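Since the structure comes first, as C-alpha cells, the remarks are kept for the end.
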There are 2 protein chains.
Amino acid sequence: MSTIGRPRAFDEEAVLDRAAEVFWRHGYEGASLSALTGAMGINRPSLYATFGSKQELFARAFGRYHDRQVSVARAALDRPGTREAIEAFLRSSADGLTAVDDHPAGCLSVQGGLACSPENAHVSEVLATGRADTEAALADRLTRATDLPSGVDPRALARFVMALSEGHAVHAAAGATRAELHASIDVALRVLIPA
Amino acid sequence: MSTIGRPRAFDEEAVLDRAAEVFWRHGYEGASLSALTGAMGINRPSLYATFGSKQELFARAFGRYHDRQVSVARAALDRPGTREAIEAFLRSSADGLTAVDDHPAGCLSVQGGLACSPENAHVSEVLATGRADTEAALADRLTRATDLPSGVDPRALARFVMALSEGHAVHAAAGATRAELHASIDVALRVLIPA
DNA sequence: CACTATTTGTACCGAGCGGTAGAGTGGGGA
DNA sequence: TCCCCACTCTACCGCTCGGTACAAATAGTG
C-alpha cells in the first residue's frame, strides 16, 4: 500500500460528505458538477479519477449518509420497549431532519430524487432501496417484539412509522421546525400503542 | 371574444394535464421540453406562446392537479364525524397515489421537486405552498371539530395526518401497492382517536 | 540525480438544455 | 374574394450540462 506518485490533496470521505450536502440541498439533477466541485474543493478531473461518474459519486455519498442514518435508527430500535423504540426512532429521525449549520433540512433519501429523468432512474432506485432498508430494520425489530397489541401487523406498523417519518422529511424540507415535527410525533404517540 | 386568426389546434387544459403527467413522472428538472412537447402533442413555439415558460407551464399544470386534489380532500373532510373525515381523507389520498393507466404513482406535489437547483427554487416553493394549502384545509376542519379527544392540538393532528399522507406518497413513488398503503392507514386508525 | 507513477489544473468536447426567429398555414371578417 | 392575424413548424440560438485530453506539478524509488 505504498503511495507512489503525487499524493492526493483531499480526504476522500470528507469530500463525499460535502457532495452529499449539495445533493441533499439541490437534489441529484439540481446538483451541477460545478456546484459539486465547488463545494468539494476539488476540480473535475480529480472527481472523475476518484469516483468515476456523477452517479457513482452520488451512490458513494448517499451510502455514507445512509449508513449514518441506519446506525441512528438501530440505536433507537435497541430500546427494550417497543413503544419506546418507536418513539426514539421517530424523535431521533425528526432531529436529523432539522437544518443545522452543517447540513440542510430534510432527508437526502427523500429529496435526493424521488422522480428523475429516465437516464437517471437508477438514482431513484438507489434512494428507494435505502429507504426500504431502513423500513426492513424497523419491521425486523417489530416482528421480534413481544409487547405489541394483538392483531397489529408488524410490517404494516413498520410501514406506518416509516411513512410518518418520511412525511416529516417532506415537511422539514419545506421549513417545518423541530418543535412542529415533535408535536406531530406527540399526536402519533399519544394514541398509538397505548402503553 | 372573437377568434380571429388561425385557431388553436389543441385544448389548453387537456395539454396541461399531459404536461402534469410528465412532471409527475420525472420531476420538474427531469422533465425536458422535448419530453413535454412530445407528450402534449404540440411543439415548442406553441407551448411558449401559450404558457410563457417552463416554470409558468409547471405552475399552470400543478394548479389543475392541486385543485383536483383539494376538491377530493374537501369531499372527504365534509363527513360529519372527525374520525370518519380523517379516514376518508387518508383513504382517498392513498387511492390517488396508486398508479393507474392514466397517471403515474405518487403525488406531483411531492415528487415534482422537493429540492431543486437554485434557479428553480420557485418550483419547490409552489409545491410547498400547495401542500400547506391542503394541510390548512385539514387544520381548519379539525379546529372546528367538536368531537376530538380533549388535549389534542388540531393543528398538530393536521400535520400528523398530512405527514402520514405525504409519507404514503413517498412509498407509492417507490411502488407500494394500494393494499399496503391501506394497511398502514389501518394501523393509524386502529389506535388513532378511538371512536 | 534522473525516472516513474500519480494527481492537479486549464482548457476543451459533443450533446442536450430552455428558449426563439421567421416563414408557412388556415380560418374569420369585410 | 381577399386580407388579416393568430397559430404551426422547421431550424436555430447561446448556454450549461456531464465528461475528458493533456501538460504541469509532486511525491517515492533507484
Side-chain angles (χ1 to χ4, degrees), chain A residues 1-16 18-19 22-23 25-62 112-113 115-123 126, chain B residues 1-16 18-19 22-23 25-62 112-113 115-123 126:
Chain A
M1 221 355 170
S2 61
T3 60
I4 301 179
R6 181 170 174 173
R8 211 167 254 171
F10 59 90
D11 177 55
E12 192 166 319
E13 304 197 325
V15 301
L16 278 173
R18 305 284 205 96
V22 177
F23 285 128
R25 186 166 273 124
H26 301 305
Y28 178 79
E29 301 193 313
S32 69
L33 277 187
S34 299
L36 287 165
T37 53
M40 297 165 84
I42 67 178
N43 43 37
R44 282 161 200 237
S46 297
L47 192 159
Y48 277 84
T50 309
F51 303 108
S53 71
K54 189 186 177 188
Q55 287 209 13
E56 292 175 84
L57 170 68
F58 178 80
R60 292 278 310 273
F62 174 67
C116 285
S117 64
E119 61 266 26
N120 293 323
H122 181 63
V123 169
V126 167
Chain B
M1 226 346 168
S2 62
T3 59
I4 301 178
R6 182 172 174 174
R8 211 167 256 170
F10 59 91
D11 177 54
E12 191 166 319
E13 304 198 326
V15 300
L16 277 173
R18 306 284 206 96
V22 177
F23 286 128
R25 186 166 272 123
H26 301 305
Y28 178 78
E29 301 193 314
S32 70
L33 278 188
S34 299
L36 287 165
T37 54
M40 297 165 84
I42 67 178
N43 42 39
R44 281 159 202 240
S46 297
L47 192 159
Y48 277 84
T50 308
F51 303 109
S53 71
K54 189 186 178 188
Q55 288 210 11
E56 292 174 84
L57 170 67
F58 178 81
R60 292 279 310 275
F62 174 67
C116 286
S117 64
E119 61 266 27
N120 294 322
H122 180 63
V123 169
V126 167

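Note that the structure is a prediction, hence the values are computed from the model and not measured. Quick note on labels: first sequence line is chain A, next is B, and so on, each numbered from 1.
Nearer the 5' end of DNA chain C, as judged by each residue's closest nucleotide, is the contact made by A:Ala49, out of A:Ala49 and B:Ser34. Nearest-nucleotide positions on DNA chain C place B:Pro45 closer to the 5' end than the other of B:Gly5 and B:Pro45.
In this entry the distance linking CG of A:Leu33 with C1' of C:dG16 reads 15 Å, nearest Å. Between A:Asn120 atom CG and C:dG16 atom C1' there is a gap of 13 Å when expressed in whole angstrom units. When rounded to the nearest whole Å, the span between CD1 of B:Ile42 and P of C:dT25 equals 20 Å. In this entry the distance linking CD1 of B:Ile4 with P of D:dC5 reads 8 Å, nearest Å. Protein atom CZ of B:Phe58 is 14 Å distant from nucleotide atom P of C:dG18, rounded to whole Å. Rounded to whole angstrom, the span from the CD atom of B:Glu119 across to the P atom of C:dG19 amounts to 11 Å. Nucleotide D:dC17 holds its C1' atom 11 Å from the OH atom of A:Tyr28, rounded to whole Å.
The line from CD1 of A:Ile42 to CZ of A:Phe51 is 6.0 Å long, rounded to the nearest 0.5 Å. In this structure, CD on B:Glu29 lies 12.5 Å from OH on A:Tyr28, to the nearest 0.5 angstrom. Distance OG/B:Ser32 to CD/A:Glu119: 8.0 Å, rounded to 0.5 Å.
You'll find the side chain of A:Leu16 reaches within 4.5 Å of the side chain of A:Leu57, heavy atoms only.
Proximity of A:Asn43 to the phosphate of C:dG9: a side-chain N or O atom is located under 4.0 Å from OP1 or OP2. Proximity of B:Arg8 to the phosphate of D:dC7: a side-chain N or O atom is located under 4.0 Å from OP1 or OP2. Neither OP1 nor OP2 of C:dT7 sits under 4.0 Å from any side-chain N or O of A:Ser46. Phosphate proximity of D:dT20 to A:Tyr48: absent, as no side-chain N or O sits under 4.0 Å from OP1 or OP2.
Side chain of A:Phe10, nearest nucleotide from D:dT8, C:dT8, D:dG19: C:dT8. In this structure, of C:dG19, D:dT8, D:dC17, it is C:dG19 that holds the atom nearest to the side chain of B:Ser53. Closest approach to the A:Arg6 side chain among D:dC5, C:dT8, D:dC7 is made by C:dT8 (side chain taken as heavy atoms from C-beta onward). Across D:dG19, C:dG18, D:dC17, the shortest atom-to-atom separation from the side chain of A:Ser32 is found for D:dC17.
Using a 4.0 Å heavy-atom distance criterion, A:Pro7 is classed as a sugar-phosphate-only contact. Residue-level contact check: B:Phe51 touches neither bases nor backbone, having no heavy atom under 4.0 Å from any strand. Among the atoms of the strands shown, none is found under 4.0 Å from any heavy atom of A:Thr50. Among the protein residues, A:Ala35 comes within range of no part of the nucleic acid, since none of its heavy atoms lies under 4.0 Å from any strand.
The nearest pair of heavy atoms linking A:Tyr48 to A:Lys54 is OH-N, 4.2 Å. Residues A:Ala61 and A:Ala19 approach most closely at CB-CB, 4.5 Å, considering heavy atoms.
Counting atom types as modelled, A:Arg44 pairs a side-chain N or O with a base atom of D:dG18 as donor and acceptor under 3.5 Å.
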